[in-house]
Amino acid sequence: MYDIKRIRRDFDEILRGVEKRGQGDFGLLEIRELEKKRREILVQVEQLRNEQKTKSRLIPAYKKEGKDPSELLEELRGLSERISGLDKELRQVEESFEEKLYYVPNTPHKDIPLGKGEEDNKEIRRWGQPRVFEFEASPHWDLGVERNFLDFERGSKVVGSRFTFIKGACARLERALMNYFLDFHTLDGKYTEIGSPGVANRLSMTGTGQLPKFIEDMYHCAEDDYFLIPTAEVTLTNFHREEILPLEDLPVYITSFTQCYRREAGSAGRDTKGIIRQHQFGKVELVKLVEPESSFDELEDMVSDVEAILQSLELPYRVVELCSGDVGFSSAKTYDLEVWFPSYDTYREISSCSNFLDFQARRCMLRYRNKEGKVDFLHTLNGSGIPTGRCLAAILENNQTAEGKIIIPKVLRPYMGGLDEI
RNA sequence: GGAGAGGUGACCGAGCGGCUAAGGAGCGCGCCUGGAAAGCGCGUAGGGUGUAACAGCCUCGCGGGUUCAAUUCCCGUCCUCUCCUCCA
């Protein structure tokens, strides 16, 4: 969300930035009009209110002196009516203004590649070599069913499409991933582990930008007006919502494993096979709250944290910088990390690391006291570090043997009771 | 789920229709001191509006209502605590 003052002062800059996404002005022109109108009414209301306050304070004095206040009361009644009328108008304008503002995406950072969609993203680097198989490699969905690791049919029966049961040693492997990822990020003290709720309220969902625009992709508990979180980004970023953090508490590095729930509205028919795109998946999420000056460096640092994990698992991957047309709603700059999937014969997204600048912080009223003692908005970042489901699929595919066994990556063996294959 | 109590300033805490949020803690500056503690004085929230500066407006959990006027009265709602009930 944008600062109301910036809408006025840097309007053209914001408009130009947002237009880089290639989807028009997102209602900004209308928003500017509403902002003007708001100020017009506000000035009037403030003047009238001042008059009202000043005059109504005379009443106790009148009473004391035994003067008849009825004339003054009459005047104040009229004043009160005018104020409440104007106030109502003001509130309508403000509501409409705010509602529209919530739908305006962040401005893509000036240095990111211009483009319309995925095809214009820029590959930054690759690590590792895709394995050359001396046998016909199976996709994880075939392998998973053959080995009795994945049960798609019962997932559909018990819940519906895009829900899957994971069984036996494979379930243990996923659990190993969860523990390994959390240990990786926390044991050196860099990130603090948080056990997080799996649902969040409307305010939190709005704070990180899932609402109002993407409501159709969220699972909603109507009775409580709670939402199943689509990522721990929601609960972790909102953790310090409406707080003013002292400088010495920064930077905040937190991480959490949660289940994530997405209705995947609009992606019907995509990735229907396997566990790449599920309605529920486990993920370790990384969140940073940092001072504005350092946020782009912090983004690079976060990417390298995720890369280190993939390297330790010996999974070939590449880093891609998203172009202006593909970068997410709340993000100013995003790197996707894509891991090699033999079944797709390509790299597929496994992590996404973004710098949101103060976009989420404004929505969350997430602030800190800077060196000058002034209150300012923080910058927020998050990245997947990393999802267990997709990672499991990647390991099944990349580490399979001709006999259909799965080689356990060395770093995971301590979490698997020493097993080197399953 | 039932009954009760409460949510006030970066913290504690009074106010319970108008005198425009008492008092304290902490922090900052100054005085005092050889130095410090104590003591004394002053200052210490956020937001938006207009400005050269001052100023004025909003915020006493949140949302409505009554009133010329609401922190104060009424209704709703959320959260916290205590007791009961239920329960992994």
Side-chain angles (χ1 to χ4, degrees), chain A residues 1-11 31-102 195 197-207 211 220-227 235 238-250 252 259 289 358 361-378:
Chain A
M1 182 155 70
Y2 294 95
D3 185 358
I4 189 164
K5 281 184 274 191
R6 264 197 80 202
I7 291 287
R8 185 148 30 110
R9 289 172 201 159
D10 309 330
F11 184 80
I31 286 168
R32 178 164 65 173
E33 290 313 306
L34 285 167
E35 193 278 327
K36 263 187 207 161
K37 197 165 173 200
R38 168 181 173 271
R39 262 182 303 145
E40 280 167 24
I41 304 173
L42 193 61
V43 172
Q44 292 180 59
V45 170
E46 285 193 5
Q47 277 170 354
L48 289 175
R49 236 197 269 278
N50 179 245
E51 194 181 337
Q52 180 190 41
K53 277 185 125 175
T54 319
K55 288 192 172 157
S56 72
R57 276 185 206 128
L58 295 173
I59 290 181
Y62 270 48
K63 283 184 181 161
K64 218 179 197 172
E65 295 165 24
K67 276 165 76 179
D68 177 17
S70 57
E71 204 174 302
L72 184 58
L73 281 177
E74 190 54 43
E75 189 189 343
L76 282 168
R77 247 188 289 273
L79 206 52
S80 177
E81 240 164 74
R82 281 172 66 198
I83 291 173
S84 68
L86 273 174
D87 209 35
K88 202 175 271 175
E89 204 182 324
L90 179 65
R91 239 176 323 176
Q92 277 169 4
V93 171
E94 279 183 337
E95 265 170 37
S96 162
F97 170 82
E98 200 163 89
E99 167 73 12
K100 286 182 166 48
L101 201 54
Y102 274 128
V199 295
N201 62 28
R202 190 172 282 271
L203 215 54
S204 299
M205 295 288 284
T206 305
L211 296 185
H220 183 217
C221 311
E223 282 198 4
D224 309 287
D225 201 27
Y226 292 161
F227 295 83
T235 46
N238 278 282
F239 188 78
H240 287 292
R241 193 178 72 214
E242 286 154 48
E243 293 180 27
I244 298 172
L245 299 179
L247 195 57
E248 58 267 28
D249 285 4
L250 299 178
V252 173
Q259 295 294 335
L289 312 178
D358 60 359
R362 286 185 189 283
R363 290 175 163 236
C364 294
M365 290 304 282
L366 191 48
R367 295 170 295 173
Y368 79 110
R369 208 169 281 279
N370 66 22
K371 292 171 199 77
E372 289 87 52
K374 292 255 169 62
V375 173
D376 197 8
F377 288 98
L378 288 160

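In this text the structure is predicted, and so the values were computed from the model without any measurement. First the proteins, then the strands, lettered A, B, ... as listed; each starts at 1.
- The A:R77 side chain lies nearest to B:C68 when the options are B:C68, B:U20, B:G46.
- The side-chain contact (heavy atoms from CB on, under 4.5 Å) test applied to A:L247 returns A:L250, A:E291, A:Y368, A:K371, not counting sequence neighbours.
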Determine, stepwise, if the pair A:L211 / A:F227 fulfils side-chain contact (heavy atoms from CB on, under 4.5 Å). CA-CA 10 Å; A:L211 296 185; A:F227 295 83; 3.7 Å; yes
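- For the pair A:S80 (side chain) and A:L76 (backbone), a donor-acceptor distance under 3.5 Å is absent.
- For A:L366 and B:G47, the CG to P distance is 14 Å, given to the nearest whole Å.
- In this entry the distance linking CD of A:E74 with P of B:A69 reads 13 Å, nearest Å.
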Let me check something: any side-chain donor-acceptor pairs from residues 38-46 of chain A under 3.5 Å, sequence neighbours excluded? List them with distances.
residue: A:R38; atom: NE; partner: A:E94; partner atom: OE2; Å: 3.0
residue: A:R39; atom: NE; partner: A:E35; partner atom: OE2; Å: 3.0
residue: A:R39; atom: NH2; partner: A:E35; partner atom: OE1; Å: 3.1

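- B:G6 sits 27 Å from B:C87 when the C1' atoms are compared, rounded to a whole Å.
- For the atom pair CZ (A:R32) and CZ (A:R8), the distance works out to 12.0 Å, reported to the nearest 0.5 Å.
- A donor-acceptor pair is defined here as one N or O able to donate and one able to accept, closer than 3.5 Å; no such pair exists between the side chain of A:R241 and the backbone of A:R363.
- For A:M1 and B:G48, the CE to C1' distance is 13 Å, given to the nearest whole Å.
- Within a 6.0 Å radius of CD in A:E71, other residues, nucleotides and ligands contribute 12 heavy atoms or fewer.
- Environment of CZ in A:F97: crowded, with over 12 heavy atoms of neighbouring residues, nucleotides or ligands closer than 6.0 Å.
- Backbone-only contact: A:L42 has heavy atoms under 4.0 Å from sugar-phosphate atoms and none from a base.
- Spacing of C1' atoms, B:G35 relative to B:U44, comes out at 27 Å, to the nearest Å.
- Between the side chains of A:S204 and A:N201, at least one donor-acceptor pair of N or O atoms lies under 3.5 Å.
- Closest to the side chain of A:L73, from the set B:C68, B:G46, B:U49, is B:C68.
- For the pair A:D3 CG and B:G48 P, the computed distance is 6 Å after rounding to whole Å.
- The C1' atoms of B:C57 and B:G4 are separated by 39 Å, rounded to the nearest whole Å.
- Checking A:K374 against A:S56, the closest nucleotide of RNA chain B that is more toward the 5' end is the one next to A:S56.
- Of all the heavy atoms in A:A200 and A:T235, the pair that sits closest is CB-CG2, 4.4 Å.
- Straight-line distance between the P atoms of B:U85 and B:U77: roughly 25 Å, to the nearest whole Å.
- To the nearest 0.5 angstrom, A:L79 atom CG is 5.0 Å from A:E51 atom CD.
- A:I244 CD1 to A:D376 CG: the interatomic distance, rounded to the nearest 0.5 Å, is 11.0 Å.
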Protein-nucleotides 50-54 of chain B N/O pairs closer than 3.5 Å?
residue: B:G50; atom: OP1; partner: A:R39; partner atom: NH1; Å: 3.2

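- Contact annotation: A:S80 does not reach the phosphate of B:U67 (side-chain N/O to OP1 or OP2, under 4.0 Å).
- The distance between atom CZ of A:R369 and atom C1' of B:C27, rounded to the nearest whole Å, is 11 Å.
- Of all heavy-atom pairs between A:N238 and A:L203, the closest is OD1-O, 4.5 Å.
- Within residues 84-98 of chain A, the residues approaching RNA chain B are A:R91, by heavy-atom distance under 4.0 Å.
- Ion pairing between a basic and an acidic side chain is recognised when a charged N comes within 4.0 Å of a carboxylate O; A:D3 and A:R9 show no such pairing.
- Minimum atom distance to the side chain of A:E35 is reached by B:U49, of the listed B:C68, B:U20, B:U49.
- The P atoms of B:A3 and B:U8 are separated by 25 Å, rounded to the nearest whole Å.
- Within the 4.0 angstrom heavy-atom criterion, only backbone atoms of the sugar-phosphate kind lie near A:I4; the bases stay farther away.
- A:D358 places no side-chain N or O within donor-acceptor distance of the main-chain N or O of A:R362, the cut-off being under 3.5 Å.
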Intra- and inter-strand pairing of RNA chain B, written as dot-bracket with Watson-Crick and G-U pairs under 3.5 Å and | for the latter, reads ((((((((..[[..)..(....]].((((((.......))))))(((.(.....).))).[[[[[..)....]]]]])))))))....
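- For the P atoms, the distance linking B:U66 with B:A14 amounts to 32 Å, nearest Å.
- Of the residues in residues 44-53 of chain A, A:E46, A:R49, A:N50, A:Q52, A:K53 come within less than 4.0 Å of RNA chain B through at least one heavy atom, sorted by number.
- The separation between A:R367 atom CZ and B:A45 atom P is 14 Å, rounded to whole Å.
- The distance between atom CD of A:E81 and atom P of B:U67, rounded to the nearest whole Å, is 11 Å.
- Comparing the same atom, P, in B:G48 and in B:U59 gives a spacing of 16 Å after rounding to whole Å.
- Between the side chain of A:S96 and the backbone N or O of A:Q92 there is no donor-acceptor pair closer than 3.5 Å.
- If you find the closest nucleotide of RNA chain B to A:T54 and to A:P60, the one lying nearer the 5' end belongs to A:P60.
- Atom name C1', nucleotides B:G61 and B:U71: the rounded distance is 12 Å, in whole Å.
- Checking the phosphate oxygens (OP1, OP2) of B:G48, no side-chain nitrogen or oxygen of A:R6 falls inside 4.0 Å.
- The separation between A:L72 atom CG and B:U67 atom C1' is 14 Å, rounded to whole Å.
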